[in-house]
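Worth saying up front: this structure is predicted, and the values here are computed from it rather than measured.
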Amino acid sequence: MGGRLEGKVAVVTGGSRGIGRGIAAAFAAEGARVMITARDAERCEQTAKEIDGHVDFEAGHVARPDDMERVLSATLSRLGGLDVLVNNAATNPYAGPTIDVDRARWDKTLEVNLTAPMLWIQAAWRARMREAGGSVINISSVAGIRTNPILGTYGVTKAALVQLTRQLAAELAPSVRVNALAAGLVRTDFARILWEGERGDEVARAYPLQRLGEPADIAAAALYFADSAASGWVTGQVLVLDGGSTTAFDGRP
Ligand SMILES: NC(=O)c1ccc[n+]([C@@H]2O[C@H](COP(=O)([O-])OP(=O)(O)OC[C@H]3O[C@@H](n4cnc5c(N)ncnc54)[C@H](OP(=O)(O)O)[C@@H]3O)[C@@H](O)[C@H]2O)c1
């Protein structure tokens, strides 16, 4: 265990599984007190028990304001502060050309992936960070940088999340830093259909670094943005973590 986040309190949405769990574990290992939240309370409880260090949980839906307020107030009362907010929970209910998306799934994707992070930042700012300072980390995706035949709607929300990052970085400075991580394909349940079996090997071979991402790859970068001793002069930035995929030769002359 290290001490890079000793005395800090972090909230990680979607912290029960995948990348969020990896981030919660990395923060706890560096001495932070961490609140994880996700819809499945049992899963949250299990994850909180399994991670070494001080991890608490409060279940809820990331896009429901009452749930959000409950999680934030539990964080302040039980963990005693709020220094780092990781907007990690996201959804991708629609796979197909964006031109054909139905209104319900378009709205759902925007609500969970863009509106919810905005509301969480607003609430964290008002409840604590405006006075006490802090670091916000938004989990975006390379799907928000490039086009994609089936992930376009999700990608639109992830691109907007990057612009929200820049806008709020400018507005909330100097007390609060706001940064984003744009991940390539990471081996979690969320993206299982894209990496399981031979498909994953094929994708990995196409990445310059020749492997898919793991939650720990994203967690290490989140730790950098959370740790003001390391990233105290960095705000409004998006760090791409994708095994080099967005810089790979694409075969065109
Ligand atoms: N995996 C990839 O390849 C990849 C690539 C780029 C970016 N990302 C981004 O990385 C982030 C994490 O993805 P992941 O791959 O780690 O996903 P994951 O393994 O499916 O985990 C998602 C987490 O979010 C929670 N969650 C989902 N919907 C929620 C909601 N409405 N309210 C509250 N919690 C919710 C889930 O728990 P419950 O289901 O219990 O709520 C779970 O804890 C997302 O922002 C995703 O867009 C992932």
Side-chain angles (χ1 to χ4, degrees), residues 2-15 19-20 23-24 26-27 30-37 62-63 65 68-69 71-73 75-76 79-90 110-142 144-145 155-183 218-242 246:
R4 288 173 66 183
L5 299 183
E6 201 63 57
K8 302 288 183 195
V9 173
V11 171
V12 182
T13 70
I19 290 169
I23 292 171
F27 285 7
E30 290 294 339
R33 299 191 295 286
V34 184
M35 176 67 78
I36 59 169
T37 183
V62 81
M68 178 185 74
E69 292 298 341
V71 175
L72 290 176
S73 92
T75 305
L76 292 169
L79 301 186
L82 175 54
D83 304 289
V84 181
L85 168 65
V86 183
N87 280 312
N88 166 76
L110 259 93
E111 183 190 37
V112 174
N113 297 2
L114 182 62
T115 306
M118 169 61 187
L119 296 177
W120 278 78
I121 298 169
Q122 247 178 3
W125 168 256
R126 290 171 184 167
R128 177 83 178 183
M129 288 186 176
R130 178 167 32 197
E131 277 78 37
S135 171
V136 174
I137 302 160
N138 294 321
I139 307 301
S140 184
S141 166
V142 294
I145 295 172
V156 167
T157 68
K158 291 299 190 177
L161 185 60
V162 168
Q163 184 57 16
L164 181 70
T165 299
R166 292 194 193 103
Q167 180 62 33
L168 294 185
E171 292 184 14
L172 307 191
S175 57
V176 174
R177 297 179 301 109
V178 188
N179 292 287
L181 303 176
I218 313 306
L223 182 57
Y224 165 72
F225 281 131
D227 177 4
S228 55
S231 61
W233 208 44
V234 183
T235 196
Q237 300 305 304
V238 50
L239 179 56
V240 178
L241 301 151
D242 68 343
T246 44

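Looking at Ser140, its side chain never comes within 3.5 Å of a backbone N or O of Leu161 through a donor-acceptor pair. In terms of modelled atom types and a separation under 3.5 Å, the side chain of Asp83 and the main chain of Lys8 share no donor-acceptor contact. The backbone N or O of Tyr224 lies less than 3.5 Å from a partner atom in the side chain of Ser231, making a donor-acceptor pair. Arg128 places no side-chain N or O within donor-acceptor distance of the main-chain N or O of Gly81, the cut-off being under 3.5 Å.
Among all heavy-atom pairs drawn from Ser135 and Ala226, the shortest one is OG-CA, 4.0 Å. Across all their heavy atoms, Glu69 and Ala123 have their closest contact at OE2-CB, 4.2 Å. Across Leu239 and Ala221, no two heavy atoms sit closer than the pair CD2-CB, 4.0 Å. Counting all heavy atoms, side chain and backbone alike, Lys158 lies closest to Ser141 at CG-CB, 3.9 Å. When all heavy atoms of Thr235 and Val178 are compared, the closest pair comes out as OG1-N, 2.9 Å. The shortest heavy-atom contact between Thr13 and Asn88 is OG1-N, 2.9 Å.
Pairs of residues two or more places apart, or lying in two chains, that qualify as side-chain hydrogen bond (donor to acceptor under 3.5 Å, both in side chains) and include a residue from residues 159-173 are Asn138-Thr165, Gln163-Arg166, Gln167-Glu171.
Between the CG atom in Leu79 and the CZ atom in Arg33 there is a gap of 6.5 Å [rounded to 0.5 Å]. Taking CZ of Arg4 as the reference point, atom CZ of Phe27 lies at 9.5 Å (rounded to 0.5 Å). Summarising the geometry, atom CG belonging to Asn113 is positioned 12.0 Å from atom CG belonging to Leu164; distances are rounded to the nearest 0.5 Å. The CG atom of Leu181 lies 6.5 Å from the CD1 atom of Ile23; values are rounded to the nearest 0.5 Å. Here CG of Leu114 is found 9.5 Å from CG of Leu119. Values are rounded to the nearest 0.5 Å.
A search for salt bridge (charged side-chain N to carboxylate O under 4.0 Å, His left out) contacts involving Glu111 returns Lys108, not counting sequence neighbours. Every residue two or more places apart in sequence or in another chain that forms a side-chain hydrogen bond (donor to acceptor under 3.5 Å, both in side chains) with Asp242 is listed here: Ser245, Thr246.
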Quiz item: Run the side-chain contact (heavy atoms from CB on, under 4.5 Å) check on Ile121 and Met129 step by step: do they pass?
Solution: CA-CA 9 Å; Ile121 298 169; Met129 288 186 176; over 6 Å; no
Quiz item: Yes or no on side-chain contact (heavy atoms from CB on, under 4.5 Å) for Leu168 and Trp125, after CA distance, side-chain angles and deciding distance?
Solution: CA-CA 11 Å; Leu168 294 185; Trp125 168 256; over 6 Å; no
Quiz prompt | Derivation of the side-chain contact (heavy atoms from CB on, under 4.5 Å) call for Val84 and Phe225 | solution = CA-CA 9 Å; Val84 181; Phe225 281 131; over 6 Å; no
Quiz item: Where do Val11 and Leu82 land on the side-chain contact (heavy atoms from CB on, under 4.5 Å) test, with the steps shown first?
Solution: CA-CA 7 Å; Val11 171; Leu82 175 54; 3.6 Å; yes
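Put simply, the side chain of Leu223 reaches to within 4.5 Å of the side chain of Leu5, judged on heavy atoms.
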